[in-house]
2 protein chains.
Amino acid sequence: MTQTQFRYCGLNVALKTLTGKWKPMILFHLFRTEEIRFNELWRIIPKVSKKVLLQQLGQMEEDGLLTREERKGFPPEVYYRISEKGRALGSVLAQLEAWANTYAPQQVQQVFDSEKHVQPFD
Amino acid sequence: MTQTQFRYCGLNVALKTLTGKWKPMILFHLFRTEEIRFNELWRIIPKVSKKVLLQQLGQMEEDGLLTREERKGFPPEVYYRISEKGRALGSVLAQLEAWANTYAPQQVQQVFDSEKHVQPFD
DNA sequence: CAAGAAGGTCACCAAAAGGTAACCCGGTTA
DNA sequence: TAACCGGGTTACCTTTTGGTGACCTTCTTG
């Protein structure tokens with residue numbers, strides 16, 4: 001028997017930092033690319049508006065999940081990358097992913113299908 | 001080096017089932033009591049409105065995180081308990097809790113403080 | 001000089017989430 | 001009969017979240 005112990009306060013905090021329509025996808029890309037420019041991300045993520053993407057990134061920076069670096073110059077570029085704190089979530093996110101694939105495969109498939117016609121990435 | 005692999009589809013699904021103002025607290029109670037009546041839960045959870053509690057429980061039932069059993073009789077009582085699928089999340093939730101306690105202890109403390117004057121439970 | 005690229009802001013709107021209070025129903029008890 | 005209990009719904013409102021399009025700024029290039 002798995003005697004799992006948790007309180008809800010930390011859980012609340014953790015879920016609040018993860019909640020946002022585009023955050024799972026942003027995290028996904030941050031985990032796979034090591035560093036990514038704003039416009040790259042914007043082009044990769046299907047249908048998100050510039051404002052909202054910006055604001056989700058802003059929240060994630062506030063929450064310390066990622067770092068934002070302005071490299072000034074020509075066209076001034078901004079690089080986002082996963083932080084220590086964000087990276088520490090990796091295994092948990094993978095487990096959430098696994099849980100959904102095990103216990104709700106049809107819904108996962110639906111999400112997948114609803115996006116594949118929009119974005120053929122990989 | 002932790003080579004964490006996840007896609008965002010399952011993550012999206014998992015987070016969607018966990019998102020809701022009172023769900024962390026509901027889960028917390030379901031994990032510790034094995035079975036609980038609606039009004040018990042309502043009295044234990046500080047300030048939630050009946051409607052919203054009901055609707056969060058409804059979503060969680062739809063999502064299969066918990067089971068709802070009407071025991072008809074006297075005043076007809078309704079018992080909620082964690083499901084298989086829900087219980088499978090236990091260790092992940094504990095890890096999210098641990099992550100928040102490690103990386104955002106001050107925010108966790110804030111949530112704790114903001115609720116302790118309302119509810120002295122345990 | 002005109003146009004474009006990168007990153008960002010602003011005003012405004014639409015949808016979703018949450019909250020409040022009143023009410024319903026069936027059965028019990030004062 | 002009146003009031004109460006457990007569980008639940010409804011109408012209505014407020015707050016939060018996400019979305020659209022125009023605009024700005026600095027620098028570069030045609």
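In what follows, chains are A, B, ... by sequence order, proteins preceding strands, each numbered from 1.
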For nucleotides 16-19 of chain C, tabulate all protein N/O to nucleotide N/O atom pairs closer than 3.5 Å, reporting atom names and distance.
| from | atom 1 | to | atom 2 | distance (Å) |
| --- | --- | --- | --- | --- |
| C/dG18 | OP1 | B/Lys21 | N | 2.8 |
| C/dG18 | OP2 | B/Gln56 | NE2 | 3.0 |
| C/dG19 | OP1 | B/Lys21 | NZ | 2.9 |
| C/dG19 | OP2 | B/Trp22 | NE1 | 3.1 |
| C/dG19 | N7 | B/Lys51 | NZ | 3.0 |
| C/dG19 | O6 | B/Lys51 | NZ | 2.4 |

So, using salt bridge (Lys or Arg N to Asp or Glu O under 4.0 Å) as the criterion, who are the partners of [X] when residues are at least two apart?
| X | value |
| --- | --- |
| A/Glu61 | none |
| A/Glu69 | A/Arg71 |
| A/Glu62 | none |

Sort me out a list of protein N/O and nucleotides 25-30 of chain D N/O pairs below 3.5 Å, or just none if empty.
none

Check the surroundings of atom CD in B/Glu84: do more than 12 heavy atoms from other residues, nucleotides or ligands lie under 6.0 Å from it? no
With a cut-off of 6.0 Å (strictly less than), are more than 12 heavy atoms of other residues, nucleotides or ligands near NZ of B/Lys16?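 Not more than 12 within 6.0 Å, no.
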Please state how far atom CG in B/Leu54 lies from atom P in D/dA11, giving the value in whole angstrom units.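 Rounded to the whole Å, the gap is 16 Å.
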Atom-pair distance (CG on A/Leu15; P on D/dT17), nearest Å: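 The answer, rounded to whole Å, is 14 Å.
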Stretch residues 33-41 of chain A: residues that reach within less than 4.0 Å of DNA chain C through a heavy atom: A/Arg37, A/Phe38, A/Asn39
Side chain B/Gln107, main chain B/Ala104, donor-acceptor under 3.5 Å: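 Between the backbone of B/Ala104 and the side chain of B/Gln107 there is no qualifying donor-acceptor contact (under 3.5 Å).
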Keeping the roles fixed (side chain from A/Ser83, backbone from A/Gly64), state whether a donor-acceptor pair exists under 3.5 Å. yes
Does one hydrophobic cluster hold both A/Leu54 and A/Met60, with members joined at side-chain heavy-atom distances below 4.5 Å? yes
Quick one, B/Ile45 and B/His29 - any side-chain contact, counting heavy atoms below 4.5 Å?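 A side-chain contact exists here, since the closest heavy-atom pair is under 4.5 Å.
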So B/Asp113 and B/Gln109, side chain to side chain donor-acceptor pair (under 3.5 Å) or not? Walk me through it. CA-CA 6 Å; B/Asp113 291 344; B/Gln109 187 65 39; 3.0 Å; yes
Sugar-phosphate, base or nothing in reach of B/Tyr79, heavy atoms under 4.0 Å: nothing
